[in-house]
Every structure is written in C-alpha cells, then in structure tokens.
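Notes follow once the structure below has been shown.
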Amino acid sequence: MSKSAQLLYRFRGIILGALALALLAMPAEPFPWDLTNCSDKYRHVVAKWDVFALVLFFIGVALRIKTRQYIGNHTRGSVHQAETLVTWGPYALIRHPLYYSNMSIAIFFAFIHLGPSPILIPFLFAIVLFEWALSRIEDKFLHEKFGEEWESWAREVPALNFGRNPFFGSGKEEARAKYFAKKPVRTVWQSFCADCSTWVWLLFFNLLIVLTKIYLT
C-alpha cells in the first residue's frame, strides 16, 4: 500500500471532521417553515429535500447496525486489520457497507444544512470521493491479504453501489444463500451499543446543525 493511501486511511477521522467543520461554516438553509420570504413552491422543494435526506439517514443507520452484527469487533485504528474475509450478511450485497453507510449519513447532513444550494454540489463530490478512496484502499489491502478469495467475491459483489445487486438476476438464489451463510455474531441491540461513540457524535453534530439553523438564519 502506498504511503499516501496509508496516510489517508490513518487520518480518515480527522479528514471527516474537517469536512464536518467546513460544512458548518457554510450558510445554513432555514427550516422550510421559516422561509417566510420565499414562495410556497420553494418551501415545498426544501421540505422534499429534507424528507429525502431523512430517508438516506435511516438507510445509513440501519445498514451500519446490520453490518456491525456480522463483523464483530473491528478496528478504528490507523492500520487495517482483517482476520477473515466477511462475504456474508450485508457483505453479500456490497463490499463496503460501512463506507456506504457513512456516505449516506454525511449526505444527509449536507442536504439538511445546505438545502438546494449550489454549495451543496462540491460537498457531495467531496463526500463521495472520500468514501470511494477509502473503499479503494481497503480493496487493495484485502486483495493483497486474501488473493483469489477476494477476487471471486469482488467479481460478484459491487464496491459502493447496488448497480450489480447480486440479489437480482440469474444468481439470486446463490446470493441469498451467501447472505444467510452465517448467523450474526451480535444482536441488533449489541450492534447498536458497540457503536455508541458513533451515535453520540451523530447526535452532537445534528444538534449543532439545528442550533445553527435556529440562531444563525
């Protein structure tokens, strides 16, 4: 793995925090009901964007909890660790469900904070690019460690999208069998509790966005 890739992975939390601070520094879109000087049509557009963002958020949270049920303990450290190649559960649908979850939740915050603003576009690009880069780094690490096992899995399962969802098409029975190949190692509640620091951070950041909308718009 290249030195630049190692640095990106090592400081991924700091980079994500920097993106969050940059987002908060941007002008906030008021709540739809506070857009008194705008047309009803614009208020409806903002409200629809907020609903769409909430759907993304709940998808991201549900996917994260489900993924944590299957992977057991995982590192938050500065180096990759993988005792086994998990290819069942959510990993039978997508190779990087946690990165997909992070991307969905980050896009939610961008939508909620900025609304239908041109500033939203570079933030969306930065979020997607960042998570895509992390997925590429992890793919390279897993490929080097597991070789043909990873190659076989990667041929069948997409990295960060559902464009080649293996649950549909000619091989759907085999894909479903792989999904349920092993039972989760955690219950839903255990999975939720295992990510307590993540939920506290998300709650805190959501509170900052709400306060920004209330007092700075």
Side-chain angles (χ1 to χ4, degrees), residues 7-32 34 49-83 86 89-91 93-115 119-120 123-124 126-135 137-138 160 184-217:
L7 289 174
L8 181 64
Y9 184 83
R10 180 178 181 181
F11 295 108
R12 64 194 185 282
I14 295 175
I15 295 171
L16 194 59
L19 286 173
L21 290 176
L23 178 62
L24 281 177
M26 295 296 103
E29 177 73 36
F31 293 112
D34 289 335
W49 279 53
D50 287 352
V51 170
F52 173 71
L54 281 171
V55 171
L56 279 179
F57 177 78
F58 286 117
I59 289 174
V61 168
L63 182 59
R64 187 173 188 88
I65 292 173
K66 193 66 178 177
T67 301
R68 294 282 275 148
Q69 283 188 266
Y70 285 86
I71 61 175
N73 295 322
H74 77 292
T75 178
R76 296 178 185 272
S78 60
V79 295
H80 279 98
Q81 294 180 16
E83 296 180 2
V86 180
Y91 290 90
L93 290 171
I94 185 172
R95 294 204 304 274
H96 304 288
L98 285 178
Y99 292 151
Y100 193 92
S101 168
N102 293 343
M103 187 166 58
S104 297
I105 294 171
I107 290 174
F108 155 77
F109 284 123
F111 273 141
I112 290 294
H113 185 68
L114 298 175
I119 306 174
L120 178 65
F123 270 97
L124 295 183
I127 290 166
V128 172
L129 180 63
F130 177 64
E131 297 298 340
W132 174 82
L134 289 178
S135 73
I137 292 169
E138 187 158 312
L160 279 177
V185 297
R186 285 191 176 107
T187 65
V188 171
W189 176 246
Q190 288 172 335
S191 177
F192 179 85
C193 292
D195 245 351
C196 282
S197 60
T198 298
W199 310 131
V200 170
W201 158 247
L202 292 179
L203 182 63
F204 174 70
F205 192 66
N206 189 60
L207 179 62
L208 289 179
I209 286 181
V210 170
L211 292 176
T212 300
K213 284 180 175 290
I214 292 174
Y215 293 107
L216 298 180
T217 59

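Here the closest non-hydrogen pair linking Lys213 and Ala28 is CG-CB, 4.3 Å. Among all heavy-atom pairs drawn from Leu114 and Pro27, the shortest one is CD2-O, 3.7 Å. Annotation for Leu120 and Gly115: closest pair CD2-O, 3.7 Å, computed over non-hydrogen atoms. Nearest heavy atoms, Phe111 versus Leu56: CE1-CD1, 4.0 Å. Heavy atoms only, all atoms of each residue included: Leu63 and Pro97 are closest at CD2-O, 3.4 Å. When every heavy atom of Leu8 is checked against every heavy atom of Ala133, the shortest pair comes out as CD2-CB, 3.7 Å.
The shortest distance between side-chain heavy atoms of Ile71 and Leu98 falls below 4.5 Å. Taking the side chain as every heavy atom from C-beta outward, Asn102 and Ile127 never approach each other to under 4.5 Å. The closest side-chain heavy-atom distance from Leu134 to His96 is not below 4.5 Å.
Using modelled atom types, one side-chain atom of Arg12 and one backbone atom of Tyr9 make a donor-acceptor pair closer than 3.5 Å. In terms of modelled atom types and a separation under 3.5 Å, the side chain of Ser191 and the main chain of Lys66 share no donor-acceptor contact.
Taken from NE2 in His113 to CE in Met26, the straight-line distance is 8.0 Å, to the nearest 0.5 Å. Between atom CZ of residue Phe57 and atom CG of residue Asp50 there is a gap of 13.5 Å, rounded to the nearest 0.5 Å. For the atom pair Phe108 CZ and Leu54 CG, the distance stands at 5.5 Å (nearest 0.5 Å). Annotation: the span from Ser104 atom OG to Arg64 atom CZ amounts to 11.5 Å, rounded to 0.5 Å. From Ser101, atom OG reaches atom CD1 of Ile94 across 10.0 Å, with rounding to the nearest 0.5 Å. A distance of 6.5 Å separates CG of Leu16 from CD of Glu131, quoted to the nearest 0.5 Å.
For residues 13-31, the pairs satisfying side chain to side chain donor-acceptor pair (under 3.5 Å) are Glu29-Tyr42, with sequence neighbours left out.
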Donor-acceptor pairs are to be reported for all side-chain atoms of residues 199-210 against protein atoms at under 3.5 Å, with residues two or more places apart or in another chain.
{"residue": "Trp199", "atom": "NE1", "partner": "Phe192", "partner atom": "O", "Å": "2.8"}
{"residue": "Trp199", "atom": "NE1", "partner": "Asp195", "partner atom": "O", "Å": "3.4"}

